[in-house]
Amino acid sequence: MAKQGPQKIPGASQKYFYGDGSYSGSDMEVNCGVIHTTEGRTLPSYNGGSIAPTVTGVPDIAAKRIRWYQHYDVDESARALANKLGGVSTNTANAFQIELVGTCDDSKAKTWDGKRAGVDYLHWPTAPDWALAEVGWLVRWLYDYHGVPMTCVRDWLAYGKDSRRPGITPASYGASPARMSFAEWQAFKGWCGHQHVPENDHGDPGSMDFARVIQHAKGDSDQPTTPAPTPAQETDMPSALNESNPIDVDLDSDWTALAFKDEGAVLAGPVPALDITVTLYVDVATSPDTKVQGRFYLTGLDGSSPSGYLVIDKRGGGGHQFAHSVPVPAGKKLWFEVRAISPDGKPVKLLHRVASGPYWTA
């Protein structure tokens, strides 16, 4: 089955993309979505991709937005659902899977290891409306470009006590009345939670107000909140940095500033949020004992008053990636420079470099 429509989510970081590696999935055509919660406060490693969803949403509570990290193409099966022998397909059943960083556990509705809900993390059943609107933006984009219906199941049981399943806590875990039968799952289109998928026990995302997410996606919210942007109105979406330079450069122990956009700089401020990666391709014949070092630094707009960040060490030839997410203040430029320290002191050939990733300018 050939993939249909755009496969990359606008503005989503591809830094942890697993679809072209050892855990790549099968081609399919999405027609439903499954919501998970990570039960953690940071972006998971997913064991290198072996249990990754299609995309992870990391709340930026201060900025009131969600940073999206894409792990698989839209029409490629992910790996966040259990799939038992002899039953039905789950991950490959045309399901787009979202993991939302945070918790659905009602015992953590207020605090979690000394951290405060709504300040340090999100308890998704009581998530603020801006967070539901951000999820609604993605639901709308998947409807516009892939036809995933803007509908959802009715019952989202709490990961705690729930009158719809008395005597069982957490109510959404295991064989709950919300869990679909094999036939219901095979016929399902629209949005559901991990708690609804057969062959699975997990109860996330609890009693998340997904009906409100659908309201935002449809644009018929009855509260004065800022609606999630549609593809024709991407007012809150980031710009995409994608600058490359194939000119060979000889690297030695002296620092060399690499030219990208803006007369050599990577970006010029103000850039209040970014998640960019500089990828270097070094001659594969380079000794594995050669140290390839990179560092980002800021200067004034005229290149004066450099302020450096920590040096990042890599070894040998091939591809090397250097990530940066520190904001660029107004009146500053962000640069990247590299050097190579070889055992014999000879220069090392840099064959290509690319700077890529999302950044926000407002």
Side-chain angles (χ1 to χ4, degrees), residues 11-16 42-43 58-65 67-69 120 235-283 286 290-317 319-342 345-362:
S13 171
Q14 306 295 315
K15 184 177 179 180
Y16 302 104
T42 59
L43 182 69
V58 181
D60 183 341
I61 295 174
K64 293 186 178 181
R65 60 161 52 105
R67 312 293 186 193
W68 297 106
Y69 291 82
D120 305 304
T235 57
D236 197 33
M237 290 302 297
S239 301
L241 178 66
N242 187 17
E243 297 290 328
S244 62
N245 193 326
I247 299 175
D248 291 359
V249 175
D250 286 329
L251 301 178
D252 55 26
S253 59
D254 292 329
W255 288 104
T256 299
L258 297 182
F260 292 104
K261 63 183 299 184
D262 192 37
E263 299 178 349
V266 180
L267 288 170
V271 181
L274 66 160
D275 186 8
I276 64 171
T277 300
V278 170
T279 302
L280 306 181
Y281 298 93
V282 178
D283 188 347
T286 300
T290 295
K291 184 181 293 186
V292 179
Q293 296 181 319
R295 67 181 180 187
F296 294 89
Y297 66 102
L298 294 174
T299 69
L301 295 179
D302 60 359
S304 62
S305 304
S307 175
Y309 292 107
L310 293 176
V311 174
I312 305 169
D313 285 335
K314 306 291 183 178
R315 294 270 178 182
H320 299 304
Q321 291 189 321
F322 302 82
H324 187 77
S325 58
V326 179
V328 182
K332 297 289 186 180
K333 285 185 177 181
L334 176 68
W335 303 76
F336 179 81
E337 59 185 4
V338 63
R339 69 179 180 183
I341 304 173
S342 60
K346 293 182 178 179
V348 170
K349 187 74 72 177
L350 174 64
L351 304 176
H352 195 71
R353 65 266 201 190
V354 179
S356 61
Y359 65 96
W360 288 256
T361 56

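We use all heavy atoms of the structure for the numbers below, so side chains are in, but hydrogens, waters and symmetry mates are not. For the single chain, residues carry numbers from 1 onward in sequence order. Since this is a predicted model, take the numbers as computed values, not measurements.
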Asker: Does the pair K314 and V282 meet the rule for a side chain to side chain contact (heavy atoms under 4.5 Å, CB included), with working shown?
Answerer: CA-CA 11 Å; K314 306 291 183 178; V282 178; over 6 Å; no
Asker: Distance check, rounded to the nearest 0.5 Å: D283 atom CG versus H352 atom NE2?
Answerer: 15.0 Å
Asker: Would you say that L298 contacts P329 through its side chain, given a criterion of any heavy-atom pair below 4.5 Å between the two side chains?
Answerer: yes
Asker: Please test L258 against L350 for side chain to side chain contact (heavy atoms under 4.5 Å, CB included), starting from the C-alpha separation and ending with a verdict.
Answerer: CA-CA 10 Å; L258 297 182; L350 174 64; 3.9 Å; yes
Asker: Show the nearest heavy-atom pair for residues A268 and K333, with the distance to one decimal.
Answerer: CB-CG, 4.1 Å
Asker: Between L334 and I276, is there a side-chain heavy-atom distance shorter than 4.5 Å?
Answerer: yes
Asker: So Y359 and V266, do their side chains get closer than 4.5 Å, heavy atoms only?
Answerer: no
Asker: Compare every heavy atom of V292 with every heavy atom of G316, then report the nearest pair and how far apart it is.
Answerer: O-CG2, 3.7 Å
Asker: First locate atom NE2 of H320, then atom CG of D313, and finally report the distance between them rounded to the nearest 0.5 Å.
Answerer: 11.0 Å
Asker: Looking only at atom types and distance, does a side-chain atom of K15 sit under 3.5 Å from a main-chain N or O of Y69, one as donor and one as acceptor?
Answerer: no
Asker: Considering all heavy atoms of both residues, which atom of P327 and which atom of P272 are nearest to each other, and what is their separation?
Answerer: CG-O, 3.3 Å
Asker: Using modelled atom types and a 3.5 Å cut-off, is there a donor and acceptor pairing between side-chain atoms of Q321 and backbone atoms of G319?
Answerer: no
Asker: Please report the interatomic distance CG(L280) to CG(L251), rounded to the nearest 0.5 Å.
Answerer: 8.0 Å
Asker: Please tell me if the side chains of V311 and W255 come closer than 4.5 Å, counting only heavy atoms from C-beta onward.
Answerer: yes
Asker: Kindly assign one of parallel, tilted or perpendicular to the pair F322 and F336, based on the angle between their ring planes and the thresholds 30° and 60°.
Answerer: tilted
Asker: I would like to know whether R339 and D252 meet salt bridge (charged side-chain N to carboxylate O under 4.0 Å, His left out); could you show each step before the answer?
Answerer: CA-CA 6 Å; R339 69 179 180 183; D252 55 26; over 6 Å; no
Asker: Closest heavy-atom contact between V278 and A355?
Answerer: CG2-CB, 4.2 Å
Asker: Return the CG to NZ distance between L301 and K332, rounded to the nearest 0.5 Å.
Answerer: 8.5 Å
Asker: Under the criterion side-chain contact (heavy atoms from CB on, under 4.5 Å), which of I341, V338, I312 is the partner of Q293?
Answerer: I341
Asker: Looking only at non-hydrogen atoms, find the nearest pair between A273 and R67 and report the distance.
Answerer: CB-NH2, 3.1 Å
Asker: Under the side chain to side chain contact (heavy atoms under 4.5 Å, CB included) rule, what do D250 and K349 come out as? Steps first, then yes or no, please.
Answerer: CA-CA 5 Å; D250 286 329; K349 187 74 72 177; 2.9 Å; yes
Asker: In Å and rounded to the nearest 0.5 Å, what is the NE2 to OG1 distance from H324 to T277?
Answerer: 11.0 Å
Asker: At their closest point, which heavy atom of T299 faces which heavy atom of P306, and how far apart are they?
Answerer: CG2-CA, 4.0 Å
